[in-house]
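Below is one structure, written out as structure tokens; the observations come after it.
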Amino acid sequence: MAEPLRVVVTGAAGQIAYSLLYMIAKGDVFGPDQPLILHLLDIPVMMGVLEGVVMELADCALPLLRDVIPTDDPVVAFTDVSSAFLVGAMPRKQGMERKDLLAANVKIFKVQGEALDKYAKKDVKVLVVGNPANTNALICSKYAPSIPKENFSAMTRLDQNRAQAQIAAKLNVPVGTVSNVIIWGNHSSTQYPDASHAVIDKNGNIEKAVDAIGNEQWLRETFLATVQKRGAAVIAARKMSSAMSAAKAASDHMRDWFLGTKSGKFVSMGVISAGAYGVPKDVIFSFPVIIENRKWKVVEGLPIDDFSRSMLDATGKELCEEREEALQIIQA
Ligand code: NAX
């Protein structure tokens with residue numbers, strides 16, 4: 001059997017981690033033959049809760065899980081890790097301005113970037129889940145200059161999974177038959193869920209989702225708004241934000257990064273932009289990607305119509321504004 005892989009999860013005492021840790025530890029992400037050592041980071045006040053999570057992991061009796069290291073010290077958390085799920089972040093509290101949220105998180109992701117830079121493996125793959133995920137990932141990368149920029153990503157997979165599920169429900173087909181739905185841009189209300197390249201696999205017959213749906217207005221209005229507002233709808237119903245689905249998405253994202261995407265299928269990931277599709281450079285922008293040998297590549301050459309153009313421009317503009325705000329906070 002392979003040597004154990006060290007994986008860190010931050011925000012380990014929180015609700016997303018509660019589902020995510022089980023998915024990772026039972027082999028959903030790195031495969032059924034990969035032993036794991038889990039590093040669990042949270043803040044000092046949560047150490048008691050974290051102890052309970054550690055007990056539950058032990059009680060799951062998972063054969064792949066070789067060790068669990070709970071800690072409030074970023075040095076311990078990031079030492080020798082090959083994969084990092086950065087879930088922990090400052091949540092938005094009542095009366096908090098967006099700028100205050102960004103300021104609190106810039107600090108957290110600066111510290112974690114520095115710790116990754118010093119202590120993690122140089123080929124570590126970093127997935128930022130904590131919001132604002134795209135800009136947090138950018139800051140984290142900025143403070144980890146010895147790790148390639150390509151190794152930092154932000155999660156838009158939950159939006160992709162939500163979009164895929166909406167299309168499957170509309171067509172009354174199994175969700176696994178729907179692929180190549182794209183989430184472009186920021187994980188925020190300006191994200192652009194785009195079904196124009198999505199396909200349905202009907203027993204080997206590939207049909208374009210737009211043809212199967214036959215209703216462009218539904219795609220541009222109802223579908224778009226439902227995906228963009230799904231997080232708020234879950235909060236309204238559950239009185240808590242998405243957790244199980246967010247954990248599943250994080251696990252899907254990292255699994256595809258480590259094990260690769262299936263032939264002909266692409267997935268959405270927030271990654272450093274080199275300006276593909278005319279979007280701004282040097283922001284973490286969600287693109288359709290394919291992954292091979294643990295390296296992602298943006299799918300290029302997809303036709304972009306006027307509607308898509310305006311959506312890409314709007315989300316790109318927001319990411320530039322967030323980047324400027326974050327840089328101002330750092331320089332202040
Ligand atoms: P919880 O509040 O349940 O858990 C967050 C945990 O992070 C807490 O235990 C907290 O103590 C810890 N934490 C705070 N600062 C930390 C630090 N500096 N180092 C380590 N741990 C720290 O939130 P949860 O529901 O788990 O959500 C976590 C984050 O995911 C939030 O920022 C949330 O906005 C974000 N989300 C992102 C999504 C995405 O698609 N990118 C979707 C789901 C989710 O809303």
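Side-chain atoms are counted along with the backbone in the values below, which use heavy atoms only and exclude waters and symmetry mates.
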Check: Are any of the side-chain nitrogens in Lys118 or Glu114 under 4.0 Å away from the carboxylate oxygens of its partner?
Finding: no
Note to self: Rounded at 0.5 Å granularity, tell me how far CG in Leu127 sits from CZ in Arg157.
What the structure shows: 10.5 Å
Notebook entry, point to check: Are any side-chain N or O atoms of Asp159 and backbone N or O atoms of Val227, one a donor and one an acceptor, separated by less than 3.5 Å?
Noted result: no
Check: Under 4.5 Å between side-chain heavy atoms, hopping through other hydrophobics if needed: is there a path connecting Leu36 to Val126?
Finding: no
Notebook entry, point to check: Can you check whether Ile16 reaches Val129 side chain to side chain, under 4.5 Å on heavy atoms?
Noted result: yes
Next item on the list: Measure from the side-chain N and O atoms of Thr261 to the backbone N and O of Ile291, and report whether any donor-acceptor pair falls under 3.5 Å.
Entry: yes
Next item on the list: Supply the atom-to-atom distance Leu327 CG to Ile139 CD1, rounded to the nearest 0.5 angstrom.
Entry: 5.5 Å
Item checked: Non-hydrogen atoms of Met155 and Ala246 that approach each other most closely -> CE-O, 3.5 Å
Notebook entry, point to check: Any sub-3.5 Å donor-acceptor pair from Thr226's side-chain atoms to Thr222's backbone N or O?
Noted result: yes
Check: What do the steps show when you test Cys140 against Leu86 for side-chain contact (heavy atoms from CB on, under 4.5 Å), and what is the final call?
Finding: CA-CA 10 Å; Cys140 197; Leu86 306 188; 3.8 Å; yes
Next item on the list: Would you please say whether a donor-acceptor pair under 3.5 Å links the side chains of Gln15 and Ser241?
Entry: yes
Notebook entry, point to check: Are the side chains of Val29 and Phe85 in touch, meaning some heavy atoms are under 4.5 Å apart?
Noted result: yes
Notebook entry, point to check: Checking side-chain contact (heavy atoms from CB on, under 4.5 Å) for the pair Leu62/Leu64: CA distance, chi angles, key distance, verdict?
Noted result: CA-CA 6 Å; Leu62 295 159; Leu64 292 174; 5.8 Å; no
Check: Has the side chain of Ser310 got a donor or acceptor atom that lies under 3.5 Å from a matching backbone atom of Phe307?
Finding: yes
Notebook entry, point to check: With a 4.5 Å limit on heavy-atom distance, are the side chains of Glu325 and Thr135 in contact?
Noted result: no
Checklist line | NZ/NE/NH1/NH2 to OD/OE distance under 4.0 Å, Lys26 and Asp28 | finding: yes
Item checked: Option among Ile37, Val54, Leu40, Thr79 that satisfies the side chain to side chain contact (heavy atoms under 4.5 Å, CB included) test with Ile69 -> Ile37
Next item on the list: Report, as yes or no, whether the 6.0 Å neighbourhood of atom CE on Met244 holds more than 12 heavy atoms from other residues, nucleotides or ligands.
Entry: no
Notebook entry, point to check: Given Leu302 and Ile182, is the side-chain contact (heavy atoms from CB on, under 4.5 Å) satisfied, shown in steps?
Noted result: CA-CA 11 Å; Leu302 297 171; Ile182 301 170; 3.7 Å; yes
Note to self: Please check if the number of heavy atoms outside Arg162 that lie under 6.0 Å from its CZ is greater than 12.
What the structure shows: yes
Notebook entry, point to check: What pairs of residues pass the side-chain hydrogen bond (donor to acceptor under 3.5 Å, both in side chains) test when at least one of them lies in residues 137-148, not counting sequence neighbours?
Noted result: Asp117-Ser146, Lys122-Ser146
Margin query: Donor-acceptor pair, distance only, cut-off 3.5 Å: does the side chain of Asn151 make one with the backbone of Val124?
Written below: yes
Next item on the list: May I ask you to check whether Asn161 and Asp252 show a side-chain donor-acceptor distance below 3.5 Å?
Entry: yes
Notebook entry, point to check: So do the side chains of Phe223 and Lys170 get within less than 4.5 Å of each other, counting heavy atoms only?
Noted result: no
Margin query: Any carboxylate oxygen within less than 4.0 angstrom of a Lys/Arg side-chain nitrogen, looking at Asp313 and Arg309?
Written below: yes
Next item on the list: Decide yes or no on side-chain contact (heavy atoms from CB on, under 4.5 Å) for Ile272 and Ile284, but give the supporting numbers first.
Entry: CA-CA 4 Å; Ile272 190 74; Ile284 299 279; 4.3 Å; yes
Note to self: Using the rule ring-ring contact (aromatic ring centres under 6.0 Å, His included), only one of Phe285, Tyr192, Trp184 pairs with Tyr277; which is it?
What the structure shows: Trp184
Margin query: Taking atom CD as the centre, does Glu216 end up with more than 12 heavy-atom neighbours from other residues, nucleotides or ligands that are less than 6.0 angstrom away?
Written below: no
Check: Has the side chain of Asn180 got a donor or acceptor atom that lies under 3.5 Å from a matching backbone atom of Phe266?
Finding: yes
Notebook entry, point to check: Same cluster or not: are Leu219 and Met311 linked, directly or through other Ile, Leu, Val, Met, Phe, Trp or Tyr residues, by side-chain heavy atoms under 4.5 angstrom apart?
Noted result: no
Item checked: Flag, side chain of His39 to backbone of Val8, donor-acceptor distance under 3.5 Å -> no
Next item on the list: Would you tell me whether Glu318 and Thr190 have side-chain atoms, one donor and one acceptor, within less than 3.5 Å of each other?
Entry: yes
Checklist line | Exercise: do Asp73 and Thr71 side chains pair donor with acceptor under 3.5 Å | finding: no
Notebook entry, point to check: Transitively linked via ILVMFWY side-chain contacts under 4.5 Å: Val49 with Val45?
Noted result: yes
Next item on the list: Using atom types as modelled and distance alone, determine if a side-chain donor or acceptor of Gln34 lies under 3.5 Å from a backbone N or O of Glu3.
Entry: yes
Check: Taking ILVMFWY side chains as joined if any heavy atoms are under 4.5 angstrom apart, and letting links pass through other members, which residues group with Val199?
Finding: Ile206
Notebook entry, point to check: If you count the non-hydrogen atoms of other residues, nucleotides and ligands that lie under 6.0 Å from CD in Glu324, is the total more than 12?
Noted result: yes
Item checked: Value rounded to 0.5 Å, distance of CG in Asn186 from CD in Glu321 -> 10.5 Å
Notebook entry, point to check: Side chains of Asn134 and Glu322: is there a donor and an acceptor less than 3.5 Å apart?
Noted result: no
Check: For His187 and Ser286, what are the C-alpha separation, side-chain angles and deciding distance, and is it a side chain to side chain donor-acceptor pair (under 3.5 Å)?
Finding: CA-CA 8 Å; His187 169 69; Ser286 180; over 6 Å; no
Item checked: side-chain hydrogen bond (donor to acceptor under 3.5 Å, both in side chains) pairs, two or more places apart, involving residues 41-70 -> Tyr18-Glu56
Check: Looking at CD1 of Ile200 and OG1 of Thr177, how far apart are the two atoms once the value is rounded to the nearest 0.5 Å?
Finding: 5.5 Å
Note to self: Can you tell me how far apart NZ (Lys121) and CG (Leu116) are? Round to the nearest 0.5 Å.
What the structure shows: 13.5 Å
Check: Salt bridge check: are Asp306 and Arg220 linked by an N-O gap of less than 4.0 Å?
Finding: no
Notebook entry, point to check: Do you know the tightest heavy-atom contact between Pro74 and Leu41?
Noted result: N-CD1, 4.0 Å
Next item on the list: Return yes if some donor-acceptor pair links the side-chain N/O of Thr10 with the main-chain N/O of Val87 below 3.5 Å, else return no.
Entry: yes
Notebook entry, point to check: Considering only heavy atoms from C-beta outward, does the side chain of Ser251 approach that of Ile24 to under 4.5 Å?
Noted result: no
Next item on the list: Using atom types as modelled and distance alone, determine if a side-chain donor or acceptor of Asn293 lies under 3.5 Å from a backbone N or O of Lys295.
Entry: no
Notebook entry, point to check: Would you say the ring centroid of Phe287 lies under 6.0 angstrom from that of Trp296?
Noted result: no
Margin query: One thing to verify: whether Lys202 and Glu207 come together as a salt bridge, which I'm taking to mean a side-chain N less than 4.0 angstrom from a carboxylate O.
Written below: yes
Check: Does some side-chain heavy atom of Leu38 sit less than 4.5 Å from a side-chain heavy atom of Leu21?
Finding: yes
Margin query: Any non-hydrogen side-chain atom of Val81 less than 4.5 Å from a side-chain atom of Val7?
Written below: no
Check: Does Arg255 make a cation-pi contact with Phe30 (under 6.0 Å, within 45 degrees of the axis)?
Finding: no
Notebook entry, point to check: Without hydrogens or angle criteria, can the side chains of His253 and Ser153 be said to hold a donor-acceptor pair below 3.5 Å?
Noted result: yes
Next item on the list: Check Ala154 against Ala137 and note the closest heavy-atom contact, atom names and distance.
Entry: CB-CB, 4.3 Å
Check: Taking side chain as C-beta onward, heavy atoms only, is Arg323 less than 4.5 Å from Asp282?
Finding: yes
Note to self: Nearest 0.5 angstrom please: Ser268 OG to Gln164 CD, how far?
What the structure shows: 9.5 Å
